[in-house]
Enquirer: 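Quick one: the structure is below, and I'll ask about it shortly.
Throughout, protein chains are lettered first and strands after them, A, B, ... in sequence-line order, and every chain is numbered starting at 1. Heavy-atom basis, side chains included; hydrogens, waters and symmetry copies ignored.
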2 protein chains.
Amino acid sequence: MKRLRYYCDFDDDIARPLLDLPGRTVDVARGTDLVVAGENPGHGFIVETGWAIRCTYLSDGRRQVLNVLMPGDIFDLQVFVSGEADHTVTAVTDMTVKTFRPDHPLALFHSHGKLGQALWWTAVQEEAILREQIVRNGRRNASERIAHFLLEMHRRALIVNEGDGAGFRLPLTQSVIGDALGLTAIHVNRILMKFRDRQLIARSGQWIELLDRDGLVALCDFDPSYLRLDSFPRRLSLAVQGNGSKGNGQTDRSPL
Amino acid sequence: MKRLRYYCDFDDDIARPLLDLPGRTVDVARGTDLVVAGENPGHGFIVETGWAIRCTYLSDGRRQVLNVLMPGDIFDLQVFVSGEADHTVTAVTDMTVKTFRPDHPLALFHSHGKLGQALWWTAVQEEAILREQIVRNGRRNASERIAHFLLEMHRRALIVNEGDGAGFRLPLTQSVIGDALGLTAIHVNRILMKFRDRQLIARSGQWIELLDRDGLVALCDFDPSYLRLDSFPRRLSLAVQGNGSKGNGQTDRSPL
DNA sequence: CGCAGAATTGACGATCGTCAAGGGCTGTGG
DNA sequence: CCACAGCCCTTGACGATCGTCAATTCTGCG
């Protein structure tokens with residue numbers, strides 16, 4: 001796998017302790033739940049390939065997508081301190097994920113300063129993305145939300161080589177987008193059609209082309225600084241990635 | 001000040017390194033911005049008394065309240081890794097806050113294992129509250145949002161002795177509540193009136209009485225587990241609190 | 001007492017959801 | 001290679017929720 005780095009200023013040696021944790025690499029089929037709310041997964045995950053969504057279900061079935069996970073993302077860091085997962089993680093494409101299981105909660109923090117620092121940084125970035133999600137859904141209308149969401153996905157997809165300058169692959173149904181943005185799939189469709197009519201975007205299959213990126217940015221006042229792509233160790237996992245299969249974790253294709 | 005503890009299983013000695021950091025105790029007037037988006041505060045905060053809100057402003061003035069801060073809350077932990085604040089923190093009542101300034105980013109993590117663990121735990125809890133906020137605003141209607149919000153505030157106020165069994169002090173205007181829940185102040189008012197008509201709540205001044213807590217819980221399917229009140233070190237700051245003025249930080253009433 | 005900010009109320013309208021139906025794409029199996 | 005099934009996208013009509021605008025009342029405080 002291609003090695004990914006993006007504004008990452010620490011060596012793989014720093015991430016080594018994480019890679020050396022017991023864990024394995026697993027293939028997961030689209031639609032599989034990697035983590036189920038209320039259960040204790042017992043290990044964390046690093047996405048190697050494929051996309052997933054983290055979501056919460058209300059008792060009547062309403063769904064809220066909290067975040068989209070793509071290659072390079074680490075999740076369930078809370079495994080370091082507890083506990084039951086409070087949300088579900090579902091694969092939306094076929095995936096390969098690496099699991100890791102800390103022998104003792106937070107042991108990594110004690111013995112490996114720089115790794116702890118990187119993990120902390122990851123959590124801070126994660127939180128910033130969640131906050132932006134709150135603003136987007138709380139104070140923006142449907143068009144602004146969708147434009148903003150597309151721009152975020154594009155930016156993040158670029159980093160993990162799922163797109164080129166103007167276009168990217170977005171393997172999410174309009175239903176998922178709606179559940180992320182607090183809208184119905186039907187309304188998402190209406191807005192996307194409008195964007196297409198206005199030559200802002202074009203779509204063929206899962207490929208989205210941002211025909212008028214500036215127009216979208218203006219529409220929603222997009223400011224990507226919350227993604228913190230210009231800051232310290234962009235994502236711990238980006239440094240980790242591509243090393244996991246070089247002899248550390250044994251690949252294991254059995255189900256989780 | 002009364003010493004607050006709530007499911008907290010570590011000694012003050014663990015928090016000592018945090019308390020010993022350079023910092024001071026400051027009085028802040030209602031309406032003051034403690035942190036301004038885009039600036040680097042250079043230190044973290046612990047709320048001793050009073051309430052604050054964290055919020056983001058869009059360029060046209062729309063405001064989204066991200067979270068409500070009450071006594072015992074720590075904020076701007078991101079000071080450990082960077083950087084510019086991406087949101088504003090404003091006092092909504094007169095406050096007393098303690099500041100702390102790490103001499104070196106994450107030094108606390110390296111030298112004080114248990115403190116690092118507690119800080120990590122705090123961040124995890126913080127994130128859970130943000131996620132719940134996303135669900136609330138994304139997939140609940142106005143009545144459900146307000147009922148859910150009131151129940152969360154009640155629960156959190158109880159812990160810091162700002163309420164009794166059924167009632168609590170809520171020093172937030174309907175405008176702030178609206179900006180937290182993605183509604184207008186006027187619509188918040190309509191719903192609160194409806195709740196009052198239905199004998200779900202009563203209000204006199206800033207005091208809210210939950211006349212029919214079960215009714216509210218049923219209305220919004222409230223499940224408080226996301227607050228993680230039953231888990232490990234509830235809030236680092238609760239252990240810290242009440243110690244800060246015993247000889248560590250010198251009280252300082254000058255403006256920030 | 002009088003001011004400022006907050007709460008309250010009503011009329012009206014826009015955005016977005018709901019319901020319903022049709023069309024297209026893809027994978028699978030005969 | 002075609003047929004079919006299932007999922008997703010698309011479109012339209014209608015209605016409810018919630019926002020906007022405007023005016024009045026209440027409350028705390030100087």
Side-chain angles (χ1 to χ4, degrees), chain A residues 29-31 51 53 58 60-65 90-94 136-147 149-150 169-197 201-208 219-220, chain B residues 29-31 51 53 58 60-65 90-94 136-147 149-150 169-197 201-208 219-220:
Chain A
R30 185 170 68 118
W51 290 41
I53 53 175
L58 300 188
D60 63 359
R62 280 177 285 181
R63 177 177 67 171
Q64 174 66 46
V65 172
T90 306
V92 293
T93 69
D94 292 340
R136 182 162 58 199
N137 292 357
R139 280 295 174 229
R140 298 181 129 101
N141 64 28
S143 294
E144 292 167 339
R145 285 183 214 180
I146 292 175
F149 181 77
L150 290 176
R169 195 174 78 99
L170 185 70
L172 305 177
T173 66
Q174 295 178 0
S175 172
V176 169
I177 296 173
D179 285 341
L181 301 180
L183 302 167
T184 58
I186 293 174
H187 203 66
V188 171
N189 182 269
R190 283 197 278 251
I191 305 290
L192 286 177
M193 291 287 90
K194 192 181 72 177
F195 284 1
R196 234 194 271 192
D197 288 347
I201 66 171
R203 186 182 74 85
S204 68
Q206 297 183 332
W207 192 264
I208 302 277
L219 179 56
C220 66
Chain B
R30 186 170 68 118
W51 291 40
I53 53 175
L58 301 188
D60 62 0
R62 281 177 286 181
R63 176 178 69 170
Q64 174 66 46
V65 172
T90 305
V92 293
T93 68
D94 290 342
R136 182 163 58 199
N137 292 356
R139 279 296 175 231
R140 297 179 130 101
N141 64 29
S143 294
E144 293 167 338
R145 283 183 216 179
I146 292 175
F149 182 76
L150 289 176
R169 193 174 79 99
L170 186 69
L172 305 176
T173 66
Q174 295 177 2
S175 170
V176 169
I177 297 173
D179 285 341
L181 300 179
L183 302 168
T184 58
I186 294 175
H187 203 64
V188 170
N189 182 272
R190 284 197 278 252
I191 306 288
L192 287 177
M193 292 285 90
K194 192 181 71 176
F195 284 0
R196 235 195 269 193
D197 288 347
I201 66 171
R203 184 181 75 84
S204 68
Q206 297 184 334
W207 191 264
I208 303 277
L219 179 57
C220 65

Enquirer: If I take atom CE in residue B/Met193 and atom P in nucleotide D/dC18, what distance separates them, rounded to the nearest angstrom?
Expert: 17 Å
Enquirer: Where do B/Ala29 and B/Ala91 come nearest, in terms of heavy atoms and distance?
Expert: O-CB, 3.8 Å
Enquirer: Measure from NZ on A/Lys194 to C1' on D/dC9 and round the result to the nearest Å.
Expert: 18 Å
Enquirer: Take the protein atom CG of B/Leu192 and the nucleotide atom P of C/dT8, then report the distance between them rounded to whole Å.
Expert: 8 Å
Enquirer: With a 4.0 Å cut-off on heavy atoms, is A/Arg196 in touch with a base, just the backbone sugar-phosphate, or nothing at all?
Expert: sugar-phosphate
Enquirer: Grab the two heavy atoms, one from A/Ala147 and one from A/Leu219, that are nearest each other, plus how far apart they are.
Expert: CB-CD2, 4.0 Å
Enquirer: Checking A/Arg190 now: which residues fulfil side chain to side chain contact (heavy atoms under 4.5 Å, CB included) with it, not counting sequence neighbours?
Expert: A/Ile186, A/His187
Enquirer: Quick check against the 3.5 Å criterion: does B/Arg196 have a side-chain atom that pairs as donor or acceptor with the backbone of B/Arg203?
Expert: no
Enquirer: Give a yes or no on whether a salt bridge exists between B/Asp179 and B/Arg63, defined as a side-chain N under 4.0 angstrom from a carboxylate O.
Expert: yes
Enquirer: Can any side-chain N or O of B/Thr90 pair as donor or acceptor with the backbone N or O of B/Ile53 at less than 3.5 Å?
Expert: no
Enquirer: C/dC16 P sits how many Å from B/Arg139 CZ, rounded?
Expert: 13 Å
Enquirer: Indicate yes or no for a side-chain donor-acceptor contact from B/Arg62 to the backbone of A/Arg139 under 3.5 Å, with no hydrogens or angles considered.
Expert: yes
Enquirer: To the nearest Å, give me how far apart CD1 (A/Ile177) and P (D/dC9) are.
Expert: 8 Å
Enquirer: Residues of residues 183-191 of chain B with any non-hydrogen atom less than 4.0 angstrom from an atom of DNA chain D: list those, numerically ordered, please.
Expert: B/Leu183, B/Thr184, B/Ile186, B/His187, B/Arg190
Enquirer: Might you point out which heavy atoms bring A/Val188 and A/Gly178 nearest each other, and give the distance in Å?
Expert: CG2-CA, 3.6 Å
Enquirer: Could you go over nucleotides 26-30 of chain D and give all protein N or O partners under 3.5 Å, atom names and distances?
Expert:
none

Enquirer: Rounded to whole angstroms, how far apart are CD on A/Gln174 and C1' on C/dC16?
Expert: 16 Å
Enquirer: Rounded to whole Å, how long is the line connecting atom CG of A/Asn137 with atom P of C/dG17?
Expert: 11 Å
Enquirer: Within the side chain of B/Gln64, is there an N or O that forms a donor-acceptor pair under 3.5 Å with the backbone of B/Ala180?
Expert: yes
Enquirer: Which part of the nucleic acid does A/Gly182 contact within heavy-atom distance under 4.0 Å: base, sugar-phosphate only, or nothing?
Expert: sugar-phosphate
Enquirer: Atom CG of A/Leu172 and atom P of D/dC9: how far apart are they, to the nearest Å?
Expert: 10 Å
